[in-house]
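What follows is a set of notes on a single structure, which appears directly below.
Remember, predicted model here, so these are calculated numbers, not experimental data. Atom set for the values below is all heavy atoms of this structure, side chains included, hydrogens, waters and symmetry mates excluded. Residue numbers begin at 1 in each chain, while the letters A, B, ... track the order of the sequences.
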Protein chains: 2
Amino acid sequence: MDETMVAQVRRFNRVVTQQAGVLNDRYLARDRPVGESRLLWEIGDGRDVRSLRTELDLDSGYVSRLLRSLEAAGLVTTERSAADRRVTLARLTEAGRAERDLLDERSNALAAELLQTLPDRQRERLVAAMADVERLLTAAIVRFAVTDPDDPVAQHCLRAYAAELDARFDGGFSLDRGIRADPADLRLPNGLLLIAMLHATPVGCGVLLFHGAEPAHLKRMWVAEPARGLGLGRRLLAELERRAAEQHAPAVRLETNAALTEAIALYRSAGYTEVPAFNDEPYAHHWFEKSLLRQ
Amino acid sequence: MDETMVAQVRRFNRVVTQQAGVLNDRYLARDRPVGESRLLWEIGDGRDVRSLRTELDLDSGYVSRLLRSLEAAGLVTTERSAADRRVTLARLTEAGRAERDLLDERSNALAAELLQTLPDRQRERLVAAMADVERLLTAAIVRFAVTDPDDPVAQHCLRAYAAELDARFDGGFSLDRGIRADPADLRLPNGLLLIAMLHATPVGCGVLLFHGAEPAHLKRMWVAEPARGLGLGRRLLAELERRAAEQHAPAVRLETNAALTEAIALYRSAGYTEVPAFNDEPYAHHWFEKSLLRQ
DNA sequence: TCCATTCTCTGACTCTAGTCAGATGATTCG
DNA sequence: CGAATCATCTGACTAGAGTCAGAGAATGGA
């Protein structure tokens, strides 16, 4: 790793965290502990406490106390869920919504103030650079993990994949039609399911099926809508190829539908060449292959 | 202020502070409170505790306790200053230096790890965008303040200005030669001294002398070496012009030395036009003027 | 010289942000 | 139906990060 790049990252960190007062919303909640403000924000238009707890990764006792404090301040009401009387539902009161909107406004004012000090050209550059950092930093923390097909996260990805294709294909799409895959085929050594995670949310997946000395078959490649434009598809493809090579596959091949133009462009630019149909997948219009053997 | 810009700043804040674990050095000090690590870092190669206290803006009792804890851990030694036996000097021990270097290495490793996940092109874009954000964020928090010429900060700026010119002019420079200014001339309504501050450090200055209905005379404009390239000179000039207009000066004029090529370029691009010599300042080669009257 | 000021230290607090071990009631599974 | 599991609450702790009010030495200025 280039030393000057590392030094730049550290300089960035220093400046950004020193400006914490300027950048960070935290200090806006002057009159209230940060934890409470955060909860206020996350409750939004009403939520069950269980999901709050798991998502913010907080101790249940701690959340309970925070909620009671917010309740005492008249910002939140809680009630037991009708469906499951163990779970608590939290809802903002009128005052709670007002308080949240106030935090929101202050946060906007702070950001506006920061920008206002700069002349137009510099302001535009700053905003553009922030957008870049935000995008690329998000991309940088995506992690790839081989996941069991029975894992709920895996199920979610495959359903999202199917929903996406169903929306985009003429005549829709169903996982049940076409060539199907048994969960056992998505486990090593038969195959694998690779998932891209952004913190705790899945943002992409891809499947490899191995056939001994034959080329590995790539399927079910999907990138979540909000995570597109981060170069995630390319990285996912590269990660899948790396794992195919690890399993000694001589090549990767795949079929795709004409509607998936970005995917086709990605395959071409990643070194895939179009080949004659190697199966009779009904949804496919194009078949591609890339050798993993070093020339 | 454009709403989408404000929204971008807030999105940036959210992503950057959520990645706090990735970006922030804080969590590297797993085995030690953050305050102690910070002190360890700031002591560097030995410092007096007084300056640590004022610079980090910490309570004296708090610093005292932190230092004793570091001393107990064998990372720091303290002794009384020979010059003033009230002040304490803190110095890192061998172990303290090793600990500091360890923190440094971990911080580098963390930054490198972040970059490593990205493919080359994205990595370069991220680093470039971070450099932009860092520069522009720094520029955005510079504040301008009219300051009394007897203030130590003012003295520092004027000395730095003189030192800079002394280094750059053929034959050097001295505030005592040429046209001099009495401190009283740098106070309203005779004139003013404007200082640009980055947190607690002065990073630029400029002087205006008012002459009733005659043009205001701009002098002593200086930008600190490490703060250059942030567009600070241009902003300083604009702030000075704004204040000259406030005092009803019809124009601003100034003289400058041929060695100061960036300054001359700045004046020209800010709308100043070269005029015949209006004084006999011995260091000057060029005289400029800009009208403040709206056409 | 003496009095005010400066620098540091000590002891006694506070507040935030948690963690941990049960207790209690609701629900689900065999 | 009974046992296990789940969601929440309560009480008892802890650690970090400070704040505040003096006390005591050293120093500087009248």
Side-chain angles (χ1 to χ4, degrees), chain A residues 17-18 20-21 24-43 46-73 76-91 152, chain B residues 17-18 20-21 24-43 46-73 75-91 103 152:
Chain A
T17 55
Q18 262 180 18
N24 206 330
D25 293 345
R26 296 190 157 227
Y27 101 110
L28 290 176
R30 280 181 299 243
D31 37 357
R32 197 182 311 290
V34 183
E36 289 182 20
S37 296
R38 189 156 63 128
L39 217 51
L40 200 61
W41 188 262
E42 294 289 341
I43 288 170
R47 278 184 73 168
D48 62 306
V49 175
R50 178 179 43 182
S51 73
L52 275 174
R53 240 193 9 243
T54 55
E55 201 166 293
L56 301 180
D57 193 30
L58 296 174
D59 177 83
S60 69
Y62 187 34
V63 171
S64 171
R65 244 175 291 267
L66 288 175
L67 276 177
R68 243 168 312 120
S69 158
L70 286 171
E71 230 171 344
V76 161
T77 55
T78 60
E79 52 176 323
R80 287 307 170 104
S81 158
D84 181 343
R85 304 191 52 75
R86 289 171 304 179
V87 318
T88 305
L89 300 176
R91 195 181 308 278
Chain B
T17 54
Q18 262 179 19
N24 205 327
D25 294 345
R26 296 190 157 228
Y27 101 110
L28 290 175
R30 280 181 298 244
D31 37 356
R32 197 182 310 290
V34 183
E36 290 183 20
S37 296
R38 189 154 64 127
L39 217 51
L40 200 62
W41 187 263
E42 293 288 341
I43 288 171
R47 279 185 74 169
D48 62 306
V49 175
R50 179 180 43 182
S51 73
L52 275 174
R53 240 193 9 242
T54 55
E55 200 165 297
L56 301 180
D57 193 30
L58 296 174
D59 177 83
S60 68
Y62 188 34
V63 170
S64 171
R65 244 175 291 268
L66 288 175
L67 276 177
R68 242 167 312 120
S69 159
L70 286 171
E71 231 172 343
L75 301 175
V76 161
T77 56
T78 60
E79 52 176 322
R80 288 307 172 102
S81 158
D84 182 341
R85 303 192 53 72
R86 290 171 305 180
V87 319
T88 304
L89 300 176
R91 195 183 305 281
L103 288 177

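Following rounding to the nearest Å, A/Asp57 (CG) and C/dA17 (C1') show an atom-to-atom distance of 14 Å. Rounded to whole Å, atom C1' of C/dT8 lies 14 Å from atom CG of B/Leu39. One can place CZ of B/Arg50 at 16 Å from C1' of D/dA25, the figure rounded to the nearest angstrom. In this entry the distance linking CZ of A/Arg38 with P of C/dA17 reads 9 Å, nearest Å.
The stretch residues 58-71 of chain B touches DNA chain D through B/Asp59, B/Tyr62, B/Arg65, each having a heavy atom under 4.0 angstrom from the strand.
Inspection of the A/Ser81 and A/Asp84 side chains reveals no N or O donor paired with an N or O acceptor under 3.5 Å. If you check the side chains of A/Ser69 and A/Arg65, you find no donor sitting under 3.5 Å from an acceptor. Between the side chains of A/Ser64 and A/Arg68, at least one donor N or O sits under 3.5 Å from an acceptor N or O.
Here the closest heavy-atom approach between residue A/Ala90 and residue A/Val49 is recorded as CB-CG2, 4.3 Å.
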Scan nucleotides 26-30 of chain C against the protein and return all N/O pairs shorter than 3.5 Å with their distances rounded to 0.1 Å.
residue	atom	partner	partner atom	Å
C/dT27	OP1	A/Arg85	N	2.7

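For B/Arg53 and C/dT8, the shortest distance from a side-chain N or O to OP1 or OP2 is below 4.0 Å.
The main-chain N or O of B/Arg85 is found under 3.5 Å from a side-chain atom of B/Arg80 such that the two form a donor-acceptor pair.
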